[in-house]
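The chains referred to below are lettered A, B, ... by the order of the sequence lines, with proteins before strands, and numbering in each begins at 1.
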Amino acid sequence: MDARFTRGKSPVLERALGRPRSELSLAAFALLFSELVQYCQRRVASVAELQTRLARLGHHVGLRALDALVARERPGRRETKVLGVLLFVKGPLWRALFGREADKLEQANDDDRTFYVIEREPLVNTFVSVPRENSSLNCAAFAAGLLEAVLGAAGFPARVSAHWHKGTTLMIKFDEAVIARD
Amino acid sequence: MSRSPGRKQENHKISRELFVLTYGALVAQLCKDYEKDEDVNACLDRMGYSIGIRLIDDFLARSAVKKCRSYSETADMIAQVAFKMYLGVTPSVSCSSATGNEFSLILDKNPLVDFVEELPAERASLCYCNLLCGVIRGALEMVHLAAEVSFLQDRLKGDAVTEIGITFLRKPEDRKHRR
C-alpha cells in the first residue's frame, strides 16, 4: 500500500471530473459481458452460484460508479431519504449507466422495506438468450449487484435480487435500520 | 429466439463508464482467481480472441469497408476505423520493419484505463489491456490474416506511451488470386 504513494503521481488523478466524453458501442459491451458470463459459468456448479458471481462483479462496478455519478449529477447534496435515493437510482443513475431510465419504481403492498425497480428489457440482457434448463438465470443479477453496491455505499444497506417478473424486476429489500431512520 | 420484427434497437451506444468499469471488474476477478500474472494475461488474451472472432462480423457489417490490399492498409483500417468505432480513439500507426509486416499502434488515450491509477506492486507484469491484443488477433484471423499481437509498451508500467505491436505472419504477397 505504501509503495503506491512513492511512485510518480498518475495523470489520471489530475484530470477533472467532467461529463462523460463519449459513448461506446453496445456490441463491444455485449461481447465483453458474454465473455464475463461464460467465464463465471465455467467456474460454478449451479445457477444460483452464477448469479452470485455476476452480482459480485456488478458490485465491483457499482462501488466505483457511484462517486463519480453523484459528483456529477447531485453536486453538494447527499440523498438522505429512501425515496430520494430510489428516485436517483431510477432516473440519473440508470440513465448514466444504461442510457435510459428504469421503466417503473414500485413499492411492495405489504412490506414497507421492499421496493421494485422494473425494466422490460435491461441493457445487459440485450443479446442474452437463456436455455430452458437454466431458465431461472437472469443475467440482470449483474445489475442487481451494481444496485446493491450503490445503495450500500450511499448509506442505505439493502439486499437486491433479480427476478423474471414483468420483464426483469430488481427487488430491493432495505435493512430495518434504514426504514426506521427515515 | 427471435425478436418481433419492427422492434429496432435504436440505441446502439452505451455509457463509456459502464464498459470501462465492467472491464475493470473482469480483470479484478481474474486477478483474484489466478495467482500468476502470466495466467491472467493468457486468460485475457483468450477472452479477447473469442470476442474478436465475433466482433469482426459486427465491424464488417457496420463499416462496409472494402477489402484491404496490403498489410499497411489493414493496420490503418484497424487504427482509424475499428478503434474509432469501438473505443472512440484513433491510435497512430507506424511501420517498424523493412519487410512491411510489422506495425505498431500507438495509443495516446486508452479508455480502458480511465479509472486505473497504476498497477499494484504485486501485479507488476500484468498486461491490463491484454484483451485488446486478443481481439485484434481474433478479428484478423477471421479474415484469414494470421498475426501476433502484443503490447510493446504500456503506460501503466511506466513507459511513455501505450504501444501495441502487430506482426503479420505471412509474407506480404500479391493479393490477386489466380483461379
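Using a 4.5 Å cut-off between heavy atoms, B:Leu30 contacts chain A through both its backbone and its side chain. With a 4.5 Å cut-off on non-hydrogen atoms, B:Phe59 does not touch chain A at all. Only the backbone of B:Met85 comes within contact range of chain A, with heavy atoms under 4.5 Å apart. Neither the backbone nor the side chain of B:Val135 comes within less than 4.5 Å of any heavy atom in chain A.
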### Query
What do the steps show when you test A:Arg53 against B:Gln29 for side chain to side chain contact (heavy atoms under 4.5 Å, CB included), and what is the final call?
CA-CA 10 Å; A:Arg53 280 220 165 207; B:Gln29 185 64 43; 3.5 Å; yes
### Query
Do A:Phe29 and B:Ser15 pass the side chain to side chain contact (heavy atoms under 4.5 Å, CB included) test, and can you show the C-alpha distance, the side-chain angles, and the key distance before you say yes or no?
CA-CA 9 Å; A:Phe29 176 74; B:Ser15 131; over 6 Å; no
### Query
Could you go step by step and tell me if A:Leu31 and B:Asp58 meet the side chain to side chain contact (heavy atoms under 4.5 Å, CB included) rule?
CA-CA 11 Å; A:Leu31 285 167; B:Asp58 183 77; 5.8 Å; no
### Task
Determine, stepwise, if the pair B:Thr22 / A:Leu57 fulfils side chain to side chain contact (heavy atoms under 4.5 Å, CB included).
CA-CA 8 Å; B:Thr22 307; A:Leu57 287 165; over 6 Å; no
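No more than 12 heavy atoms of other residues, nucleotides or ligands shown are found within 6.0 angstrom of NZ on B:Lys109.
At a threshold of 4.5 Å between non-hydrogen side-chain atoms, the residues A:Phe98 and B:Ile14 do not count as touching.
Electrostatic pairing of B:Arg46 and A:Glu35 does not count as a salt bridge here, judged by no charged N lying under 4.0 Å from a carboxylate O. Ionic pairing of A:Arg64 and B:Asp114 is not present here: no N-O contact between side-chain nitrogen and carboxylate oxygen is shorter than 4.0 angstrom.
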Donor-acceptor contacts, no H, no angles, side chain residues 121-129 of chain B, under 3.5 Å, sequence neighbours left out:
residue	atom	partner	partner atom	Å
B:Arg123	NH1	B:Glu35	O	3.2
B:Arg123	NH1	B:Asp37	OD1	2.9
B:Arg123	NH2	B:Cys31	O	2.8
B:Arg123	NH2	B:Tyr34	O	2.8
B:Ser125	OG	B:Asp37	OD2	2.8

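Cluster membership check: B:Val93 shares its hydrophobic cluster with B:Phe151, using side-chain heavy-atom separations under 4.5 Å among Ile, Leu, Val, Met, Phe, Trp and Tyr. Taking hydrophobic clusters as Ile, Leu, Val, Met, Phe, Trp and Tyr residues chained together by side-chain heavy-atom distances below 4.5 Å, A:Ile118 does not share a cluster with A:Trp164. With hydrophobic clusters built from ILVMFWY side chains whose heavy atoms lie under 4.5 angstrom apart, B:Leu21 does not share a cluster with A:Leu63. Using a 4.5 Å cut-off between side-chain heavy atoms of Ile, Leu, Val, Met, Phe, Trp and Tyr, with links allowed through other members, B:Leu60 and A:Phe127 fall into the same hydrophobic cluster. Hydrophobic clustering places A:Val128 together with A:Leu137 (ILVMFWY residues linked when any side-chain heavy atoms are closer than 4.5 Å, directly or through intermediates).
Closest approach of B:Asp33 and A:Tyr39 over heavy atoms only: OD2-OH, 2.6 Å. Here the closest heavy-atom approach between residue B:Leu55 and residue A:Ala28 is recorded as CD1-CA, 4.4 Å. Contact record, B:Gly88 with A:Leu24: N-CD2, 4.3 Å, taken as the closest heavy-atom pair. When all heavy atoms of B:Leu131 and A:Leu32 are compared, the pair lying nearest together is CD2-CD1, 4.1 Å.
Here the NZ atom belonging to B:Lys13 is positioned 10.0 Å from the CG atom belonging to A:Leu26, to the nearest 0.5 angstrom. For the atom pair B:Phe115 CZ and A:Asp67 CG, the distance stands at 10.5 Å (nearest 0.5 Å). Atom CG in B:Leu26 sits 11.5 Å away from atom CZ in A:Phe33 (nearest 0.5 Å).
Within the 3.5 Å criterion, the main-chain N or O of B:Tyr86 finds no donor-acceptor partner in the side chain of A:Ser25.
When each of A:His59, A:Gln38, A:Arg43 is checked for heavy-atom pairs under 4.5 Å with chain B, A:Arg43 comes out on top.
Within residues 141-160 of chain A, the residues having any heavy atom under 4.5 Å from a heavy atom of chain B are, by residue number, A:Phe142, A:Leu146.
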